[in-house]
Amino acid sequence: MNSSVAEGGTTPRNFATTRWSLIVTSTDAETDKQKARQALSELCRLYWRPIFSFVCRRGHSAEDAQDLTQDFFVMMLEANWLKNADPNRGRFRSLLLKSLQNFLNDAAEKKHAHKRGGDLQFVSWDDWMAEAPSQLTVSAQALESWPAEQLFDLRWAATVVEHALRRLREECEGQGRLRAFEALRPCLGAERQDVSYPTLSHTLGVPEATVKRLVHRFRQRYRSLLRDEVAETVADPAEVDEEIRHLCGVLATDSTTSS
């Protein structure tokens, strides 16, 4: 993997209502059902790639994996899945993986007489691919030899990183700093000793001191955005740091095996 999840700070933060916490808290109430459904739909849209990778790794062709991924999301949105969401499980990633494993076991038995939820299509597969092309590479060794569950977590971690980087890029573009972002992006997950400030200074045409300040600010913002992305998928703020550490470990393992 050519990027990494940076460790978040320990500064206390207000834990606003997130997509997953909204879903979990709405399971016993009727008031926010529509909002919860919208939140679930958004999470499905964001995290389709780990699902697709898992299904492929379980031996399905790309075409069949597309159909099964669509079916799975339709099941979640249409089969009253919210009522089975156990608040005690906490993390959307964990519950999603367990649900997917059960779904594929059932699908193998039923052989899916209808594809993509019968006449219901969750979203155009081409639209998904065009909207969120993957910018981070996964090693060939991971794709070919890692267990499906481990590959699921790797794709999940990559998705978190991509979303955070995309948001940071958009912010920098809005501030007129897109050129600086593109030049400094490789520094966000690099060790400090691996950053060549003189080279970056020459590239951007600014003093080294300015480069160091920009790298520091971008790293801080990147870590904050990573925490925000992870917070959207846990119900308890106490789980954010542990989830980040887990994703860091997954990405580090892929970096080690591919080096």
Side-chain angles (χ1 to χ4, degrees), residues 5 15-58 60 65 68-110 117 122-123 128 132 146-164 226-251:
V5 176
F15 196 74
T17 300
T18 62
R19 293 188 184 99
W20 182 231
S21 61
L22 172 62
I23 292 169
V24 170
T25 56
S26 71
T27 55
D28 295 324
E30 297 296 330
T31 54
D32 291 326
K33 286 296 184 184
Q34 184 58 35
K35 290 183 179 180
R37 180 185 172 84
Q38 291 173 352
L40 180 58
S41 177
E42 179 67 7
L43 284 172
C44 290
R45 185 185 67 81
L46 294 175
Y47 288 100
W48 67 268
R49 198 178 296 276
I51 302 295
F52 176 68
S53 297
F54 182 92
V55 177
C56 286
R57 191 69 186 87
R58 287 281 292 263
H60 296 278
L68 287 165
T69 301
Q70 292 277 26
D71 280 348
F72 175 66
F73 285 136
V74 168
M75 179 276 294
M76 291 177 63
L77 292 169
E78 298 297 320
N80 215 12
W81 182 83
L82 289 176
K83 285 189 175 180
N84 297 319
D86 182 359
N88 294 321
R89 293 184 178 177
R91 302 179 195 185
F92 181 62
R93 174 177 58 83
S94 300
L95 183 56
L96 194 67
L97 178 56
K98 182 63 176 177
S99 298
L100 177 60
Q101 291 169 328
N102 292 337
F103 169 81
L104 290 179
N105 290 336
D106 292 341
E109 296 177 0
K110 297 176 181 176
F122 176 62
V123 69
W128 259 349
W146 280 22
E149 291 78 7
Q150 193 175 3
L151 183 59
F152 174 91
D153 279 356
L154 177 59
R155 281 295 194 188
W156 189 280
T159 299
V160 170
V161 168
E162 286 183 324
H163 292 164
L226 282 169
R227 290 186 64 82
D228 288 345
E229 290 293 331
V230 170
E232 289 289 345
T233 65
V234 299
D236 184 346
E239 294 182 319
V240 173
D241 287 329
E242 184 179 348
E243 182 76 346
I244 289 176
R245 284 192 293 270
H246 173 76
L247 298 179
C248 281
V250 172
L251 290 171

Any idea which heavy atoms bring [X] and [Y] closest together, and the distance?
X: Val160; Y: Leu247; result: CG2-CD1, 4.0 Å
X: Leu151; Y: Ser53; result: CD2-O, 4.0 Å
X: Ala157; Y: Leu251; result: CB-CG, 3.7 Å
X: Thr233; Y: Trp20; result: O-CD1, 3.4 Å

Quiz item: For Gln150, which residues count as a side-chain hydrogen bond (donor to acceptor under 3.5 Å, both in side chains) partner, sequence neighbours excluded?
Solution: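 Listed in chain order: nothing, the list is empty.
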Self-check item: Check ion pair Arg91-Glu242 (N to O, under 4.0 angstrom)
Solution: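 Between Glu242 and Arg91 there is a salt bridge, with a charged N closer than 4.0 Å to a carboxylate O.
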Hey, could you give me the [atom1]/[atom2] distance between [X] and [Y], rounded to the nearest 0.5 Å?
X: Leu154; Y: Arg49; atom1: CG; atom2: CZ; result: 12.0 Å
X: Thr159; Y: Glu229; atom1: OG1; atom2: CD; result: 10.0 Å
X: Phe103; Y: Leu96; atom1: CZ; atom2: CG; result: 11.5 Å
X: Ser99; Y: Phe92; atom1: OG; atom2: CZ; result: 8.5 Å
X: Thr69; Y: His60; atom1: OG1; atom2: NE2; result: 9.5 Å
X: Leu226; Y: Cys248; atom1: CG; atom2: SG; result: 8.0 Å

Quiz item: Does the ring center of Tyr47 lie less than 6.0 Å from the ring center of Trp156?
Solution: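 Yes.
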Quiz item: Is the closest side-chain heavy-atom distance between Leu100 and Val55 below 4.5 Å?
Solution: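 Side-chain contact under 4.5 Å: yes.
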Exercise. Taking the side chain as every heavy atom from C-beta outward, state whether Met76 and Cys44 have any pair of such atoms under 4.5 Å apart.
Key: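 In short, these two side chains touch, coming nearer than 4.5 Å.
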Practice problem: Could you walk me through whether Arg227 and Glu232 pass salt bridge (charged side-chain N to carboxylate O under 4.0 Å, His left out), step by step? | Solution: CA-CA 9 Å; Arg227 290 186 64 82; Glu232 289 289 345; over 6 Å; no
Exercise. Start with the C-alpha gap between Arg45 and Glu42, add the side-chain angles, then the distance that decides, and say whether salt bridge (charged side-chain N to carboxylate O under 4.0 Å, His left out) holds.
Key: CA-CA 5 Å; Arg45 185 185 67 81; Glu42 179 67 7; 2.5 Å; yes
Practice problem: For Phe54, enumerate each residue passing the ring pair (Phe, Tyr, Trp, His ring centres under 6.0 Å) test, keeping only those at least two apart in sequence or located in another chain. | Solution: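 Expected list: none.
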Self-check item: Partners passing salt bridge (charged side-chain N to carboxylate O under 4.0 Å, His left out) against Glu149 (at least two apart in sequence or in another chain)
Solution: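 Testing Glu149 for salt bridge (charged side-chain N to carboxylate O under 4.0 Å, His left out), a comparison that skips the adjacent residues, returns none.
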Practice problem: Assess whether side-chain contact (heavy atoms from CB on, under 4.5 Å) is satisfied between Phe152 and Ile51, documenting all intermediate values. | Solution: CA-CA 7 Å; Phe152 174 91; Ile51 302 295; 3.7 Å; yes
Quiz item: Which residues satisfy the side-chain contact (heavy atoms from CB on, under 4.5 Å) test with Gln38, sequence neighbours excluded?
Solution: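 With neighbours one apart ignored, the set is Gln34.
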